[in-house]
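Fair warning: this is a prediction, and the values are worked out from it, not measured in the lab.
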Amino acid sequence: MFFCCPVCGRKLEESAGSLRCKKGHCFDRARSGYVNLLLANRMHAKLPGDNREMVAARSRFLEGGYYAPLQNALCEQVLAFLPQVQAPVLLDSGCGEGYYTAAVAHAVHQAAPGASVLGADISKAALSAAAKRTKEAAFAVASAFALPVPDDSVDILTSVFSPFCQSEFRRVLKAGGVFLEVIPSARHLFGLKAALYDRPYENKVKPYAIAGFAFLNKREVSGEITLTDPADIAALFQMTPYAYRTPAEAVKRLSALPSLRTEIAFEILAYRALPKAD
């Protein structure tokens, strides 16, 4: 087991269905297989992160294969940067229901059978789904701002539409380790926004520079999808930030559509962690 204790930072070991450190801090596994390493004093809500309905909506949409091009491209990028070491460690921060984590874990284990693939997310509902999706990765409830892994221990860290914490990501990555971040391009889901808003707008793409990291390259993934099932349209809408800020009249208009065609456009940004300053 590669996770470390969120209380004292010591390595966690398997112990009769739980994880325990040498100081006696113990964390039980959920029935689905994940372990909760999110301390109560770091929670900002009783049930932080996505709830079951949100997870179910995202799972329904992703399992329809609409974002399969991104999943495939991410796996290819991970393999391209996979270091030639005996037991590489990969961490998917904000892994959600594990759609991308599972695919990456399978690809990595084919290339490096001794690899460790970890997933962390703040949502118990999401990790319950992730742990059921694959046994090729280990999952822990944790915040991206307090990842339960040791300093300088991760070879590749991925973050797909998830919270970004520069200091924490740099802490856990080895010097020379790779950070792969997936962000939406300017035209991502423009067709969905056109159906919702009178004046649809393009996404703002953030600057690429990150302190402590060297930008390596950008891989663009784009295409067009057509949703012909209203339930898929609803699932797509529910998994986006627009679900929180769209007027009821626009939501009603979207729910009446028999089909929806929209662009999808992603950027996979690759960075290398620079040596830490003394």
Side-chain angles (χ1 to χ4, degrees), residues 1-12 18-21 23 25-30 32-55 58-59 89-102 104-105 116-131 133-134 137-174 177-183 206 210-213 239 241 244 269 271 273 276:
M1 176 52 61
F2 201 83
F3 291 121
C4 64
C5 177
V7 179
C8 66
R10 288 173 170 79
K11 184 179 179 181
L12 291 170
S18 300
L19 297 183
R20 185 184 298 270
C21 72
K23 286 206 72 174
H25 303 124
C26 185
F27 305 89
D28 294 335
R29 283 193 179 280
S32 59
Y34 72 85
V35 62
N36 188 352
L37 300 180
L38 182 65
L39 299 179
N41 62 2
R42 292 177 181 166
M43 294 170 58
H44 300 289
K46 187 175 182 180
L47 290 173
D50 292 344
N51 60 32
R52 289 182 181 179
E53 291 73 21
M54 296 173 185
V55 171
R58 190 166 57 240
S59 295
V89 176
L90 291 88
L91 171 63
D92 189 8
S93 178
C95 67
E97 71 301 312
Y99 174 75
Y100 301 101
T101 324
V104 166
S116 295
V117 179
L118 315 173
D121 196 276
I122 204 167
S123 165
K124 290 182 181 179
L127 285 197
S128 180
R133 183 184 294 274
T134 180
F139 295 97
V141 179
S143 167
F145 298 87
L147 294 167
V149 296
D151 296 357
D152 306 308
S153 60
V154 175
D155 293 287
I156 298 179
L157 188 150
T158 58
S159 177
V160 182
F161 305 131
S162 297
F164 170 74
C165 182
Q166 182 272 341
S167 59
E168 186 68 352
F169 290 0
R170 183 62 199 88
R171 177 187 72 81
V172 304
L173 274 167
K174 297 175 182 177
V178 171
F179 170 43
L180 295 174
E181 183 180 26
V182 178
I183 63 173
K206 68 170 191 174
I210 301 175
F213 293 85
M239 63 184 264
Y244 301 102
L269 309 179
Y271 300 85
K276 295 175 183 173

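- Heavy-atom neighbours of Lys23 NZ from other residues, nucleotides or ligands within 6.0 Å: at or below the threshold of 12.
- The closest side-chain heavy-atom distance from Val178 to Tyr271 is not below 4.5 Å.
- Counting heavy atoms from C-beta on, the side chains of Tyr99 and Arg58 never come closer than 4.5 Å.
- One finds the OH atom of Tyr34 at 12.0 Å from the SG atom of Cys95 (value rounded to the nearest 0.5 Å).
- A donor-acceptor contact shorter than 3.5 Å links the side chain of Ser162 to the backbone of Val160.
- With values rounded to the nearest 0.5 angstrom, Cys26 atom SG is found 8.0 Å from Leu19 atom CG.
- For the residue pair Pro150 and Cys4, the shortest heavy atom distance occurs at N-SG, 3.8 Å.
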Report task. Begin from the C-alpha positions of Phe27 and Ser18 and carry the test side chain to side chain contact (heavy atoms under 4.5 Å, CB included) through to its verdict. Result -> CA-CA 6 Å; Phe27 305 89; Ser18 300; over 6 Å; no
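- When every heavy atom of Asp121 is checked against every heavy atom of Gly96, the shortest pair comes out as OD2-N, 2.9 Å.
- Side chain of Asp155 to main chain of Val89: a donor-acceptor pair is present (N/O by atom type, distance under 3.5 Å, no hydrogens or angles).
- Cys165 pairs by the side chain to side chain contact (heavy atoms under 4.5 Å, CB included) definition with Phe145, Ser167, Glu168, not counting sequence neighbours.
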Requested in this report: Could you walk me through whether His25 and Arg20 pass side chain to side chain contact (heavy atoms under 4.5 Å, CB included), step by step?
Outcome: CA-CA 6 Å; His25 303 124; Arg20 185 184 298 270; over 6 Å; no
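- Remark: the Thr101 side chain and the Asp92 side chain contain an N/O donor-acceptor pair separated by less than 3.5 Å.
- In this structure, CZ in Arg29 is found 11.0 Å from CZ in Phe139, a value given to the nearest 0.5 Å.
- When atom types are taken as modelled, the side chain of Ser59 and the backbone of Val55 share a donor-acceptor pair closer than 3.5 angstrom.
- Side chain of Arg171 to backbone of Leu147: a donor-acceptor contact under 3.5 angstrom is found.
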**Report entry** Evaluation steps, side chain to side chain contact (heavy atoms under 4.5 Å, CB included), between Val149 and Leu91
**Finding:** CA-CA 9 Å; Val149 296; Leu91 171 63; 4.2 Å; yes
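- Closest heavy-atom contact between Cys21 and Leu12: N-CD2, 3.7 Å.
- The line from CD1 of Ile183 to OG of Ser159 is 10.5 Å long, rounded to the nearest 0.5 Å.
- Using a cutoff of 4.0 Å between basic side-chain nitrogens and carboxylate oxygens, Lys174 and Asp152 are not scored as salt-bridged.
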Report task. Take Leu38 and Ser143 through the test side chain to side chain contact (heavy atoms under 4.5 Å, CB included) and record every step on the way to the result. Result -> CA-CA 7 Å; Leu38 182 65; Ser143 167; 4.3 Å; yes
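- No donor-acceptor pair under 3.5 Å is formed between the side chain of Glu181 and the backbone N or O of Thr158.
- Annotation: side chain of Val141 is not in contact with side chain of Val35 (no heavy-atom distance under 4.5 Å).
- Judged by distance alone, with hydrogens and angles left aside, the side-chain atoms of Arg133 form a donor-acceptor pair with the main-chain N or O of Glu97 at under 3.5 Å.
- Minimum interatomic distance between Ile210 and Lys206 (heavy atoms only, all atoms of both residues): CD1-NZ, 4.5 Å.
- The NZ atom of Lys124 sits 14.5 Å away from atom CG of Asp50, with the distance rounded to the nearest 0.5 Å.
- The ring pair (Phe, Tyr, Trp, His ring centres under 6.0 Å) search around Phe169 returns Phe164, Phe179, not counting sequence neighbours.
- Distance OG/Ser153 to CZ/Phe3: 10.5 Å, rounded to 0.5 Å.
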